[in-house]
Amino acid sequence: MIPSSHPLAAIARKVEAGERLSVDDGLQLAASHDLPALGLLAHSARERLHGDKVYFNVNRHINPTNVCYVGCELCAYADDPNAPGTWSYSPEECVEMARRDFIPGTTEFHMVGGLHPRWKFPVYIDILKALKSAFPEVHLKAFTMVEIDFLAKIGKLTVPECIQTLRDAGLDSCPGGGAEIFDETVREAIASKKMSSDRWLEVAALVHESGLKSNATMLFGHIEEPRHWVDHLVRLREQQDRSGGFQCFIPLAFHPKGTKFAHLPGPDMATKLKVIAISRLMLDNIPHVKAYWVMLGREVAQVALRFGANDLDGTISDERVTHAAGGTAGKGMTVDDIQEFIRSAGLRPVLRDTLYNELRPAS
Ligand code: V47
């Protein structure tokens, strides 16, 4: 696959043998500019796991509020309660939003918001309950580790008690946001008041111990260096060895507009594809890597399917986090668009639910 004289030949042998890659291997991959070689290696790793399947789902994003007191430097989505353009929806309004343009066959609501300084714990519970009662068949993937930690605090509960209370109200799994970059120096610069990396991993472990699955993300393309990707991936891989509940890894391409880093250009295509490939190669114990089309951009997401990604996320309908920061990929895709998009990359679309049960054999 890769000639024996190639600088990545030793890594290629490990990938072929299914051996775990070391930190040094990760650093060597990150330093390589040989995109075709990185793509070949990562594609072979994804083929071993998933053949030619590309998973997608029919989902909808719901953001009950964009009010947040944390004020992360990387974020253009959230603001304080008095800022113009902020919203805080009641449980009934969340249900109303979920009903709007509801696509039949929707299996997931992806719900994240902000850490609202005035909302009390029961508000969040009421939102979950209202959505679950209106849509009992739809999986509620809600609240990042940052939100779970915050909810436990305002609910005066331990994190396991909080998770149990959320589950009783309808929570089915958790999305992967808020991980940002685990390196403490970079984290301090882009998300100075957010929970620490260790705490993010600790809360994820508690979610997994409770029996729920979650995802994990990495925000790249800002002030970090390639070594920080490798550090992040290895910390996640170690956590997965311990707690085992991460289903999917999602590299998030930084969008600078409206953030404290508006002067930066954001990651280019080579960086996006390299990060997808390294993620697939380093994370041998997390089954799925998502090419999140909203943040990568549709065209790069399609190529990413041949750089190690085997999942596209879904129809989404109403994306707000990326769009607040200048995203231009569109707010939603139809099922037909997604299937055509995957087929045109020479791969096989497979409709899934949030837990990766296959719902309809690909045609
Ligand atoms: O937590 C915030 C990131 C995340 C910006 O689990 C930004 O299936 C880029 O986590 N540029 C929310 N990224 C999105 C997220 C997610 C998305 C899709 C699927 C899943 C999943 C999770 O977006 C935040 C933060 O890390 N973010 N601001 C920005 N300017």
Side-chain angles (χ1 to χ4, degrees), residues 55-57 59-63 66 68 70-79 107-115 139-150 172-182 186-187 190-191 194-195 197 200 204 207 212-224 232 236 245-262 264-267 272 275 286 288-297 301 309 311-329 331-332 352-356:
Y55 292 100
F56 70 99
N57 68 353
N59 64 348
R60 184 190 179 96
H61 282 205
I62 298 176
N63 304 115
N66 65 344
C68 185
V70 185
C72 291
E73 292 80 350
L74 64 90
C75 181
Y77 162 76
D79 220 328
T107 55
E108 172 189 286
F109 292 144
H110 166 116
M111 185 170 79
V112 294
L115 310 191
H139 181 111
L140 286 180
K141 181 182 78 174
F143 304 132
T144 65
M145 301 309 102
V146 181
E147 289 169 294
I148 300 266
D149 197 40
F150 168 74
D172 294 306
S173 72
C174 295
E180 318 310 358
I181 274 276
F182 290 145
V186 180
R187 194 175 185 83
I190 65 168
K194 190 164 256 171
M195 80 194 316
S197 306
W200 190 96
V207 167
L212 289 186
K213 300 287 187 194
S214 75
N215 291 337
T217 56
M218 174 175 80
L219 185 69
F220 71 95
H222 40 88
I223 57 165
E224 88 289 1
H232 190 97
L236 266 182
F246 294 120
Q247 297 201 101
C248 180
F249 178 68
I250 310 129
L252 299 173
F254 181 56
H255 281 59
K257 192 174 159 199
T259 74
K260 297 266 159 50
F261 298 96
L264 297 179
K272 291 175 183 174
V275 168
I286 298 187
H288 305 284
V289 171
K290 189 180 283 186
Y292 184 43
W293 60 265
V294 177
M295 286 205 193
L296 290 178
D311 189 279
L312 262 185
D313 204 83
T315 49
I316 297 176
S317 294
D318 185 15
E319 201 284 333
R320 298 193 186 193
V321 177
T322 322
H323 285 80
T328 54
K331 289 193 157 195
R352 64 162 173 87
D353 65 12
T354 308
L355 301 176
Y356 289 86

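The model shown is predicted, which means the values in this text are computed figures rather than measured ones. Atoms within each ligand, like the ligands themselves, are counted from 1 in listed order.
Between the Asn59 side chain and the Thr315 main chain, a donor and an acceptor come within less than 3.5 Å of each other. A donor-acceptor pair is defined here as one N or O able to donate and one able to accept, closer than 3.5 Å; such a pair exists between the side chain of Asp172 and the backbone of Leu140.
Taking the side-chain hydrogen bond (donor to acceptor under 3.5 Å, both in side chains) definition, one finds that Thr107 meets it with nothing, sequence neighbours left out.
Residue Ile181 comes nearest to His232 through the heavy atom pair CA-ND1, 3.6 Å, listed as atom of the first residue, atom of the second, then distance.
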Step-by-step side-chain contact (heavy atoms from CB on, under 4.5 Å) determination, Phe150 to Val70: CA-CA 11 Å; Phe150 168 74; Val70 185; over 6 Å; no
Test salt bridge (charged side-chain N to carboxylate O under 4.0 Å, His left out) on Lys141 and Glu108; report intermediate values, then the result.
CA-CA 7 Å; Lys141 181 182 78 174; Glu108 172 189 286; 3.4 Å; yes
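Near ligand 1, residues Leu74, Cys75, His110, Lys141, Pro175, Gly176, Gly177, Gly178, Glu180, Asn215, Thr217, Leu219, Ile250, Leu252, Ala253, Phe254, His255, Thr259, Lys290, Tyr292, Met295, Asp313, Val321, Ala325 each place a heavy atom inside the 4.0 Å sphere around the ligand atoms.
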